[in-house]
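Keep in mind that what you see is a predicted model, and the values were worked out from it rather than measured.
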Amino acid sequence: MSRFDENSDAPVHDPALAWLDDNDVTIPPHERFRRKIFKMVSVGVVDVFINQFYDVLSTGMLIVNLLVTILNTYSALRAKYGFIFDQIELVTVIFFAIDYALRLYTAKCLYPNKSHFRAVLKYIFSFTGVIDFLSFFPYFMPMFFPAGAAVFKMFRVARILRLFRINAYYDSLNVITEVLMRKSKQLMSSIFIILVMMLASSLCMYSIENPEQPEVFSNAFSGIWWSVSTLLTVGYGDIYPVTTAGKVMGIIIAFLGVGLVAIPTGIISAGFVEQYSRLQNIGSGGSEDVHFIKIELKEKDNWTGKRISDLNLPSGMIAAVIIRGDETIIPRGPVRLRAGDQIILGADSIKGDKPVYLKEITVRQGHRWNGQMLRDLDISRQTFIVMIKRNGKTIIPKGDFVFHENDIAIMYSKVRSRTADDET
């Protein structure tokens, strides 16, 4: 999770999408309507019935479409129920077209930092946008270009990729994407090694076998096909070495192939273990080196009435969650803070070789600080009282601050001093 960046072009893929406050009266009616539609077509947003119903409907339409497409390949079923299959496919394709139009209309909500035109273009040329377009457009192309009907039917296979939207409901499916992204550099390195090995082995085998089998190892590509089938242990027996040197080379490459294929397998396996350990750590309360605090805004606080993007939080600090009554809000840039909001702030844990000690001291009735001013306290110069809690309120103390009974002082110390220890 990161602090909102006004200049970010990243699309909004938040399951809650709570920052899109479509009930904010300061937003024009057409914009509130656009945000409601965006929540409806965004998979995984189930805050109201219509959004959940649309998710079920779109998933059902896709499954029915794919089922009809499969059944249509059976000649007996096609002869008996062909007309029904065609009508069902037409209805589902029309639904995909309407869904695409709604996503074009709400593209501004998906990319809030772009103009509507640029947001539409970014969605159209995004991977998701291309899949959504291919879900319906090839169906209508044979009407205008009958000669290319077979080619257009092939593009309909893209509809099955829409099933990946179910990831919004299942964390176990998202783990696959997370692992591939986290281990992308290691996987690319292993793939590069495999490609180099394939090229080297194909050229070696071509050089050895071409004099004896010029019709089989006729060029470098034939050697690449052999190296692929050997390294990946899926040889088909259509091309193989006949010379002694070629057979020895084949044995060596086959052994190397087992190890090479195991490299990306091991990387992905390790990634799954790390990812599930990370999720388990988060689920059990682990903080992943991020410390969180909660503050409640009052009417006179400087942040009250400001937008998240206007807070200018320092680097390394994030506004993680806003709790507003019974509502949990993801603090995106446009969200405006209100009095009574509880903000969960997070920051990196303290690291390095310089320890920082925070101590909490409660001033009891007989404590020697009771009734004294802050400036009169005998504490180390490397120790500071940074905050006082009194009757549930937080006070930033000044030199003339007088301690009362039951005050709680938060002390910051650069070193673990004897004075600080003695006060506890």
State the CD1-CD1 distance between Ile344 and Ile323, to the nearest 0.5 angstrom. 4.5 Å
Once rounded to the nearest 0.5 Å, what's the spacing between atom CD1 of Ile385 and atom CD1 of Ile396? 12.0 Å
Could you tell me if the side chain of Leu77 sits less than 4.5 Å from the side chain of Asn72, heavy atoms only? no
Trace of the side-chain contact (heavy atoms from CB on, under 4.5 Å) decision for Phe403 with Ile361: CA-CA 12 Å; Phe403 284 92; Ile361 299 176; over 6 Å; no
Set of side chain to side chain donor-acceptor pair (under 3.5 Å) partners for Asp341, sequence neighbours left out: Arg324
Enumerate the ring-ring contact (aromatic ring centres under 6.0 Å, His included) contacts for residues 57-92, please, sequence neighbours excluded, ordered by first and then second residue. none
Contacts of Tyr100 that satisfy side chain to side chain donor-acceptor pair (under 3.5 Å) - sequence neighbours left out: none
What is the minimum heavy-atom distance between Thr243 and Gly246, and which atoms define it? OG1-N, 3.0 Å
Separation of Leu110 CG from Ser42 OG (nearest 0.5 Å): 7.5 Å
Decide side-chain contact (heavy atoms from CB on, under 4.5 Å) for Leu90 and Tyr139; before the verdict, give the C-alpha distance in whole Å, the side-chain angles of both, and the deciding distance to 0.1 Å. CA-CA 8 Å; Leu90 177 61; Tyr139 178 86; 3.6 Å; yes
Check side-chain contact (heavy atoms from CB on, under 4.5 Å) between Ser202 and all other residues, then give those that pass, not counting sequence neighbours. Leu199, Ile224, Ser227
Is it true that, when you exclude Glu296 itself, more than 12 heavy atoms of the residues, nucleotides or ligands shown sit nearer than 6.0 Å to its CD? yes
Please answer whether the main-chain N or O of Cys109 pairs with a side-chain N or O of Arg35 as donor and acceptor at a distance below 3.5 Å. no
List for me each residue that meets salt bridge (charged side-chain N to carboxylate O under 4.0 Å, His left out) alongside Lys108, sequence neighbours excluded, and say none if there are none. none
Please confirm whether the backbone N or O of Val41 pairs with a side-chain atom of Arg103, one donor and one acceptor, at under 3.5 Å? yes
When rounded to the nearest 0.5 angstrom, what is the spacing between CG in Asn302 and CG in Leu297? 10.0 Å
How long is the straight-line distance from CD1 of Ile191 back to CE of Met198, given to the nearest 0.5 Å? 10.0 Å
Side chain to side chain donor-acceptor pair (under 3.5 Å) partners of Gln213, counting only residues at least two apart: Glu209
Thr92 meets the side chain to side chain donor-acceptor pair (under 3.5 Å) criterion, sequence neighbours left out, with Asn65
Which atom pair, heavy atoms only, marks the closest approach of Met40 to Ile50? SD-CG1, 3.9 Å
Testing the basics here: between Thr106 and Phe38, what is the closest heavy-atom pair and its distance to 0.1 Å? CG2-N, 3.5 Å
Does Ile388 reach the side chain of Leu374, with side-chain heavy atoms less than 4.5 Å apart? no
Of all residues at least two apart in sequence or in a different chain, which pass the side-chain contact (heavy atoms from CB on, under 4.5 Å) check with Leu121? Phe117, Phe125
Find out whether Arg34 and Glu31 are in side-chain contact, i.e. whether some heavy atom of one side chain is under 4.5 Å from a heavy atom of the other. yes
Listed by chain and number, what are the side-chain contact (heavy atoms from CB on, under 4.5 Å) partners of Ala339, not counting sequence neighbours? Glu299, Thr304
Contact summary for Gly271 and Lys183, nearest pair of heavy atoms: CA-CE, 3.7 Å
Measure the shortest side-chain to side-chain distance between Glu360 and Ile408 over non-hydrogen atoms and say whether it is less than 4.5 angstrom. yes
Testing the basics here: between Ser126 and Tyr111, what is the closest heavy-atom pair and its distance to 0.1 Å? CB-OH, 4.1 Å
Side chains of Ile124 and Phe133 in contact at under 4.5 Å (non-hydrogen atoms): no
With salt bridge (charged side-chain N to carboxylate O under 4.0 Å, His left out) as the rule and sequence neighbours excluded, what pairs involving residues 71-82 come up? Arg78-Asp86
State the CE-CG distance between Met181 and Leu187, to the nearest 0.5 angstrom. 12.5 Å
A side-chain contact here means heavy atoms from C-beta on lying under 4.5 Å apart; do Phe217 and Ile208 qualify? no
Could you work out, with side-chain contact (heavy atoms from CB on, under 4.5 Å) as the rule, every residue matching Arg390, not counting sequence neighbours? Ile395, Phe401, His404, Asp407
Do the non-hydrogen side-chain atoms of Ile267 and Ser190 ever get within less than 4.5 Å of each other? yes
Would you say the side chain of Met249 lies within less than 4.5 Å of the side chain of Cys204, judging by non-hydrogen atoms? yes
Heavy atoms only: give me the nearest Lys306-Leu311 pair and the separation to one decimal. CB-CD2, 4.1 Å
